[in-house]
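Just so we're on the same page: letters track the sequence lines, and every chain starts at 1. The structure presented is a predicted model; accordingly, all values stated were derived computationally and were not measured.
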Amino acid sequence: MSSNSLVSISDITRDEILGLLERARYFEENPNSKILDGRVVATLFFEPSTRTRLSFETAVNRLGGRIIGFSDANSTSTSKGETLKDTIKMVANYVDLIVMRHHLEGAARYATEVTDVPIINAGDGANQHPSQTMLDLYSIYKTQGKLSDLTITMVGDLKYGRTVHSLLMALQYFNPTFNFIASKELQMPEEYKQFCREKGIKFTETTDFSEDVINRSDIIYMTRVQRERFTDIMEYERVKNLYTLHNSMLDNSKPTLKILHPLPRVNEIDRDVDDNPKAYYFEQARNGLFARQAIITRALGIDPLAK
Amino acid sequence: MPNNKKELAVAALRNGTVIDRIPSPVLFQAVRLLGIEKLDRHVTIGNNLESAKLGTKGIIKVADTEFPESVLNRIALIAPTAVVNTIRDFEVVGKRRVELPDTITGIVKCGNPKCITNNEPMQTKFEVVGRDPIEIRCHYCNHTVAGKDAQIL
Ligand SMILES: [Zn+2]
């Protein structure tokens with residue numbers, strides 16, 4: 001097991017989060033270098049995710065590293081019944097770092113236990129996706145100039161949305177105030193609200209996406225509301241448009257407000273928001289590159305700031 | 001606690017271990033978790049015996065065997081009330097409760113069908129995140145379950 005692995009955002013401390021943000025900022029200013037010269041990184045996508053894979057592979061390429069791997073499990077021996085352990089041990093013979101995505105939850109954690117090569121979790125089912133969280137944190141940090149004392153409003157699917165859960169966990173160190181806005185069926189799970197109470201984190205919870213909450217927010221984090229999450233389709237039809245953000249709703253919002261969304265979106269952000277300077281979701285995705293460069297160099301024990 | 005000498009003597013045990021106050025419904029699970037089926041020593045198992053505290057209870061007596069603590073603690077999740085008596089020369093020389101460890105390895109099945117542990121030949125591992133009431137969380141997928149609802153492998 002390598003201590004440089006990143007499986008869950010909960011595995012790293014406040015200082016490590018801040019250190020990664022510093023690195024991300026460095027890479028935004030210096031996206032191209034040769035600090036991974038001679039290093040080989042595997043991107044093992046047992047489950048396809050073009051968006052995440054391209055981001056990781058670009059991150060490696062821009063730092064001068066080499067990539068091997070596969071983009072879906074059908075092209076590998078996994079489809080012939082090879083265990084995850086055997087695949088990881090085989091690949092670990094060849095590379096300095098493994099970036100992996102898997103549809104099974106806990107796959108990346110298990111991978112860290114069968115090899116000394118560091119593992120970066122690029123998503124394990126509905127469980128963890130720490131590089132998404134790092135890019136969200138970097139986007140907040142960059143647009144607000146800080147992570148502390150911000151009012152963060154989370155909207156949409158708060159029940160199944162792993163991105164909002166991980167973001168909530170990561171922000172625990174930074175004195176946030178949360179507003180949770182969701183329909184009854186998709187509210188923030190009790191365990192996370194209990195976590196907030198235990199940590200003394202302030203939060204409000206409503207079913208109403210009101211301008212009052214919008215106007216108090218520094219960040220609005222929108223998520224997709226998916227039909228298949230509803231046990232009652234009538235309920236979906238009733239609520240699907242209640243959690244859509246329109247440009248007119250932003251008239252009296254803070255000048256520094258930014259709208260985030262992990263993408264892809266469906267209709268939860270109206271296209272009339274796209275040209276508003278408060279819309280940040282496209283740049284947010286671009287920040288993923290720098291956040292991933294930060295995570296990759298940390299995993300390899302390379303400090304770009306040390307030079 | 002009453003002196004159980006009379007009851008313990010059902011299968012007069014010179015040396016060995018008596019595990020008492022096991023809730024009746026989980027007695028045979030406890031037998032399995034302790035690996036008692038594989039022992040070649042005298043084993044006496046009683047179930048549905050009267051118990052003031054539990055209503056009914058089960059009891060396991062194993063001659064000439066003392067179990068390591070880590071083995072005994074395997075039953076702490078299903079039988080937190082169990083009491084282990086160590087017998088030497090017909091005397092109870094040690095008496096203690098089983099203790100739930102901080103991690104439980106290879107005993108509980110994860111209830112999440114998409115968990116890696118249900119799809120790969122490997123041991124399960126759970127962390128005890130609550131003790132009153134008992135709550136355990138899968139080390140791999142973070143699925144959390146109440147101790148009383150845990151599926152024993
Ligand atoms: Zn699990």
Side-chain angles (χ1 to χ4, degrees), chain A residues 1 5 7-11 44 46-47 73 77-90 100-115 119 121 123-130 133 159-163 165-166 168-169 189-195 197-198, chain B residues 29 32-33 35 68-71 73-78 80 99-153:
Chain A
M1 190 179 314
S5 294
V7 172
S8 162
I9 200 73
S10 313
D11 295 346
L44 308 185
F46 297 89
E47 170 193 63
S77 46
T78 304
S79 60
K80 297 180 197 131
E82 186 177 58
T83 61
L84 175 63
K85 177 180 175 176
D86 289 9
T87 305
I88 295 293
K89 287 186 97 65
M90 179 267 291
M100 64 178 280
R101 187 181 182 100
H102 205 290
H103 66 286
L104 292 173
E105 294 160 23
R109 177 78 65 206
Y110 180 56
T112 65
E113 295 174 3
V114 303
T115 179
I119 304 284
N121 185 5
D124 60 330
N127 191 26
Q128 302 292 326
H129 192 11
T133 310
K159 184 174 180 185
Y160 300 101
R162 71 177 167 190
T163 55
H165 300 159
S166 299
L168 182 154
M169 298 299 287
E190 181 55 34
E191 60 178 296
Y192 292 101
K193 289 185 273 183
Q194 186 55 34
F195 177 83
R197 287 182 207 109
E198 282 166 15
Chain B
Q29 277 184 344
R32 196 161 47 82
L33 286 178
E69 217 175 292
S70 60
V71 171
N73 288 341
R74 294 173 70 104
I75 67 168
L77 186 65
I78 56 164
E99 257 177 61
L100 189 62
D102 292 334
T103 54
I104 303 170
T105 305
I107 294 172
V108 178
K109 177 179 162 61
C110 184
N112 173 7
K114 289 188 67 189
C115 178
I116 185 71
T117 61
N118 288 318
N119 295 274
E120 176 92 1
M122 62 184 284
Q123 279 208 317
T124 65
K125 190 154 121 190
F126 284 78
E127 275 127 31
V128 176
V129 291
R131 288 184 175 266
D132 189 23
I134 295 169
E135 196 175 40
I136 59 173
R137 183 174 62 209
C138 177
H139 172 69
Y140 297 97
C141 76
N142 294 313
H143 184 80
T144 303
V145 67
K148 62 179 173 49
D149 299 327
Q151 301 176 57
I152 305 301
L153 278 169

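The minimum heavy-atom distance between A/Ile119 and A/Ala111, with the atom names listed, is CD1-CB, 3.9 Å.
Interatomic distance, B/Ile134 CD1 to B/Leu100 CG, rounded to the nearest 0.5 Å: 5.0 Å.
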Contacts under 3.5 angstrom, residues 145-153 of chain B side chains, donor-acceptor by atom type, not counting sequence neighbours:
none

Could you show, one pair per line, the donor-acceptor contacts under 3.5 Å between chain B and chain A?
{"from": "B/Asn112", "atom 1": "ND2", "to": "A/Glu105", "atom 2": "OE1", "distance (Å)": "2.7"}
{"from": "B/Lys114", "atom 1": "O", "to": "A/Glu105", "atom 2": "N", "distance (Å)": "2.8"}
{"from": "B/Ile116", "atom 1": "N", "to": "A/Glu105", "atom 2": "O", "distance (Å)": "2.9"}
{"from": "B/Glu120", "atom 1": "OE1", "to": "A/Leu84", "atom 2": "N", "distance (Å)": "2.9"}
{"from": "B/Glu120", "atom 1": "OE2", "to": "A/Leu84", "atom 2": "N", "distance (Å)": "3.1"}
{"from": "B/Glu120", "atom 1": "OE2", "to": "A/Lys85", "atom 2": "N", "distance (Å)": "2.9"}
{"from": "B/His139", "atom 1": "NE2", "to": "A/Glu113", "atom 2": "OE2", "distance (Å)": "3.0"}
{"from": "B/Tyr140", "atom 1": "O", "to": "A/Asn127", "atom 2": "ND2", "distance (Å)": "3.4"}
{"from": "B/Tyr140", "atom 1": "OH", "to": "A/Glu113", "atom 2": "OE1", "distance (Å)": "2.5"}
{"from": "B/Tyr140", "atom 1": "OH", "to": "A/Glu113", "atom 2": "OE2", "distance (Å)": "3.3"}
{"from": "B/Asn142", "atom 1": "ND2", "to": "A/Asn127", "atom 2": "OD1", "distance (Å)": "3.1"}

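Using a 4.5 Å heavy-atom threshold, the side chains of A/Met100 and A/Leu84 count as touching. Residues B/Val128 and B/Leu77 form no side-chain contact, since every pair of their non-hydrogen atoms from C-beta on lies 4.5 Å or further apart.
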